[in-house]
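What follows is one structure encoded as structure tokens, with my remarks underneath.
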Amino acid sequence: MLEIKNLSARSEDTEILKGINLSVKAGEVHAIMGPNGSGKSTLAHVLAGREDYEVTSGEVTYEGQDLLAMEIEERAAEGVFLAYQYPVEIPGVSNKYFLKAAINSIRKYQKQPLIKTSEFLDLLKSNLAKLGMDKEMMERSVNEGFSGGEKKRNEILQMAMLQPKLALLDETDSGLDIDALKIVAEGVNALRSPERAIVVVTHYQRLLDYIVPDFVHVLSGGKIVRSGDRTLALELESQGYAFLEAETASA
Amino acid sequence: MIVTETTSFQEHFERIGQTESAGWPDWVTELQAAGQRRFSQVGFPTTKAEDWRFTNVSAIAKHSFAIATAAGDARLATELAGQATLDDQAVRLVFVNGQFAADLSDTATLPVGLTVRNLANDLDADDSIATGRLGRQAAVERSPFTALNTALFRDGVVVQVADGATIEPLVQLIFVTTGGETAVASSARNLVALGRESRLRLVETHVGAPGETYLANHVTEIELGDNAVLDHHKLQGDSIAAFHIASTHVSQAASSVYRNHYFAFGASLSRNEILCYHGGEDVETVLNGLYLVSGTQLADCRTRIDHAMPNCRSYEMYKGILDNQARGVFNGKIHVHPDAQKTDAKQSNQALLLSDDAVIDTKPELEIYADDVRCTHGATVGELDDRALFYLRSRGIPESLARKILIFAFANDVVQGVKVAPLKKHLESILLADHGLPNV
Ligand SMILES: Nc1ncnc2c1ncn2[C@@H]1O[C@H](COP(=O)(O)OP(=O)(O)OP(=O)(O)O)[C@@H](O)[C@H]1O
Ligand SMILES: [Mg+2]
């Protein structure tokens, strides 16, 4: 589904990603871990199409297409979804309008009939209930004045409404209380299917207790320095990233 | 001395010699003569004057205007007035080229406590409301355009609300300008007086023949008694080739509330001044504005609030959206007098520049002579928020729609501040038409 080959990217004159290789197949769940500032969010943003970063080398293939050549909205319409580490506040635009605009933009792109208002409202209602969100929040401006945890839930709500093929979750667990973490994890697990893939960026094993990954990768200094199965996450949990330094020192 | 071109108005003054004033009382004749003298003396301002530094009116000075006396294209005026009508239940007064058009107005049933008249009639009446009030606030020395309006006015509106009266229906004033073949100068002079404990909702709509060049130069004086509440809305939708100059002078007695919502879409050059004076304690002034300009339009918004008494509040929010080579000028003066302790004044002004060639000159001016006050002001000038744009697009929303959504959102909170439902709907439809937010 997603094939990242030797991807390097920079912001102005700082190299952030330095040759990333990653292959994600449909049906898989991948976890990316790594120290602060190692480039995890940058990778997610580059995949979503953020123009602040310049791709200096490498290629990304998504469903057989050149992802990097696609417009931001095209990527989303083709099923790529990024749940942001820091969701943006948009004063003056209601959540409801925003969600409906997103769904129908994607439907238009896919040449499908637009969603009916009643169908939209039913879908919204059931997803709100699943995520334990108040429907009054939908009348409020996108993320404006939302608490940290509410913003994260709102990201998952958007994901549930848009049903992406490839979901990239950037630290969706940070800022969530324990109950919210379970609810959000259930939301993510509900999306799991043989046709979809999920990449979760996290610092904590806790989330991976609920969303069990098939693969775990460690990103450090803009490179994937180790990959393994879920036991790698457990190892990191107990030992931290000290081994990275040891490996670098011995190299 | 700076020589300014005032030929057309000067010739007019010379031709008529002493301003003839339709048999009006001597004090009116004197007031108009003072306006004429003042204007003849100072002429149109140039950009050398501090108050006019960013607003070049040489195009007005160079142009010749006929002094509008009667309706131009009557059919067009009727059509424009019809389009501007917001609410069938409203008390409606229509002025064409500054003169009252009774046949287009609806003043048949007036609620108890409301008096509406055209100025020409009021000045003839035994119980004239304007007498002793007109010219009290808008001094001819303050601005050349005030002097010009004072010299030239022949009519305008007079609204009075009796003590204790709450006026349910909306009062809508529609000013239509159309000269047909000739460019006209229209000078309405308006007076609004609210008694103690009274309430009124007023909408002023300015429209003109599309594409016509004309000068609309209006002056409005407003007096609010103790505890009076006035919600004043002004929609400036003049012809894209027109000049719109207006000043609104408000004097507020104790515990009165004045809210002004200004929306500017039209005119090649517009300048709207609002001057509020607090004459008692516990006064509240709310000034909200939105201007949407493109092409080579210029919108100049100025406000001045005189906090002359203690314990008063003023809240001000102006927003501008400027495209192409449009220019905006915002000047917000807050003058806190030495006695005005516990003043609470907030001012914010934000401009959204949609093009590299659009320009905004913004100048908050806080003059504070009291020590126990809270005054804040903030000005932001920017483009659309890149992060918000990216966020919307990353959810599948095409860039063009994402931009529209963000522009609409920026303007929308000023519109949502309007509590008059038909006006709010009308404004939304203008916003939607210009910066269309499709039904999704
Ligand atoms: N737009 C930018 N301009 C300059 N530097 C940037 C920019 N974006 C990211 N960086 C830098 O790139 C590095 C990687 O940032 P990134 O946000 O990708 O880290 P991260 O792995 O997500 O960290 P965290 O775990 O703290 O979220 C950091 O040093 C960061 O300061
Ligand atoms: Mg990050």
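Here the structure is a predicted model, which is why all the values come from computation and not from measurement. Each chain gets a letter, A, B and so on, in the order the sequences are listed, and its residues count up from 1.
A:Phe98 touches chain B through backbone and side chain together, each having a heavy atom under 4.5 Å away. There is no contact between A:Asp52 and chain B, counting heavy-atom distances below 4.5 Å. For A:Glu155, the part lying under 4.5 angstrom from a heavy atom of chain B is the side chain only. For A:Arg50, the parts sitting under 4.5 Å from any heavy atom of chain B are the backbone and the side chain alike. For chain A, the nearby parts of B:Glu399 are the backbone and the side chain; heavy atoms of each come within less than 4.5 Å. Of the two parts of B:Leu406, only the side chain, counted from C-beta on, holds a non-hydrogen atom closer than 4.5 Å to a non-hydrogen atom of chain A.
Checked against the 6.0 Å centroid threshold, A:Tyr86 and B:Tyr391 do not count as a close aromatic pair. Aromatic ring centroids of B:His233 and B:Phe263 lie 6.0 Å or more apart. Between B:His232 and B:His261, the distance separating the two ring centers is not shorter than 6.0 angstrom.
Side-chain atoms of A:Arg192 and A:Ile198, non-hydrogen and from C-beta on, do get closer than 4.5 Å to each other.
In this structure, B:Arg313 does not pair ionically with B:Asp344, as no charged nitrogen and carboxylate oxygen lie closer than 4.0 Å. Classification of B:Asp300 and B:Arg327 as a salt-bridged pair fails, no side-chain N sitting under 4.0 Å from a carboxylate O. Residues B:Arg393 and A:Glu71 are paired through a salt bridge, judged by an N-O separation under 4.0 Å between the basic side chain and the carboxylate.
Counting heavy-atom pairs closer than 4.5 Å to chain A, the top-ranked of the candidates B:Asp413, B:Ile397, B:Asn412 is B:Ile397. Ranking A:Val142, A:Leu82, A:Leu114 against chain B, the residue ahead of the rest is A:Leu82, based on heavy-atom pairs under 4.5 Å. Per-residue heavy-atom pair counts under 4.5 Å with chain B were compared for A:Gly92, A:Ala76, A:Ser105, and the maximum is reached by A:Ser105. Annotation: maximal heavy-atom pairing with chain B below 4.5 Å, among A:Ser94, A:Gly49, A:Pro164, occurs at A:Gly49.
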